[in-house]
Amino acid sequence: MRRMQPQVTPVAWTLVMPLKPLPRAKSRLAATAGDPARTALALAFAQDTVSAAMACTSVRDVAVVTDDQRAAAALRTLGAHIVPDTPDAGLNAALAHGAAEVRALRPDAALAVLNADLPALRPEELRRVLDFAARFPRAFLADSAGTGTTLLSALPGSALGPRFGPSSSARHRSSGAEEIVLADVESVRRDVDTAEDLVAAEALGLGPFTIGARRAVTPQRGPGTVPACGTQ
């Protein structure tokens, strides 16, 4: 591993989470959940992610970049700061804007982008990932599929340089970010885009907001249907 530094003192991270307007979020769940349930699930994912992040001892605060007023109100009650998506020019522009807003107030902030769709997130697993990331100027964690990215970090003095999108793990690796390779941090890697992802997250243990949202889902029959909570 290149440029690894021993972690002398703990790093208090500011997490930057992007969240699309709920009507456009998690479109790949629409076929199995329907629009009202899909938007409820998208919000619940974000609520569970923020709640777990705020409980992580390595996290100082959470900034959510979103223009969705419903989501903003719900996440603000959990302690998140809301940054309006002023650029409105896609995911990477939103993340760069959020990072700039944080560092305009605290130039020495340690930043980490965290996906807002990690409904099984465990605070202790997130702490291990962030503690590992603190050894490098920039680092990233690949998603469960190995092609995407669920976390991208930048220590003070390093630009975030987000390159999310298709094959983002390869893009972050080629940009010089160090890959975080740790066992037993699956809850930080398990983002949810599809019905199959949600079933896999349920096996890890969903957070309370997502459990509640799933109970409101009326399952439809057919391949790939998301089963109601507690059914097989």
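What you see is a predicted model; the values in this text were computed from it and never measured.
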Q | Working for side chain to side chain donor-acceptor pair (under 3.5 Å), residues Asn115 and Thr150 | A | CA-CA 5 Å; Asn115 287 8; Thr150 58; 5.6 Å; no

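- At a threshold of 4.5 Å between side-chain heavy atoms, the hydrophobic network of Ile, Leu, Val, Met, Phe, Trp and Tyr places Phe209 and Val50 in one connected group.
- Under a hydrophobic-cluster definition in which Ile, Leu, Val, Met, Phe, Trp and Tyr are linked whenever side-chain heavy atoms come within less than 4.5 Å, directly or via other members, Val102 and Leu78 are assigned to different clusters.
- One side chain, Ser144 or Glu186, offers a donor N or O that lies under 3.5 Å from an acceptor on the other.
- A salt bridge links Arg38 to Asp35: at least one charged side-chain nitrogen sits closer than 4.0 Å to a carboxylate oxygen.
- Of the charged side-chain nitrogens involved, none lies within less than 4.0 Å of a carboxylate oxygen, so that Glu125 and Arg128 do not count as a salt-bridged pair.
- Taking the charged nitrogens against the carboxylate oxygens, Arg173 and Glu178 have no contact shorter than 4.0 Å, which rules out a salt bridge.
- Contact of the Thr66 side chain with the Lys20 side chain is not registered, since no non-hydrogen atoms from C-beta on lie closer than 4.5 Å.
- Using the six-membered ring where Trp is involved, His172 and Phe164 have ring planes that are perpendicular, over 60° apart on the 30 and 60° scheme.
- A continuous path of hydrophobic side-chain contacts links Val188 to Val11 [ILVMFWY only; heavy atoms under 4.5 Å].
- Under 3.5 Å, the side chains of Arg138 and Ser175 contain a donor-acceptor pair of N or O atoms.
- Salt-bridge annotation for Lys26 and Asp197: absent, with no side-chain N of the basic residue lying under 4.0 Å from a carboxylate O of the acidic one.
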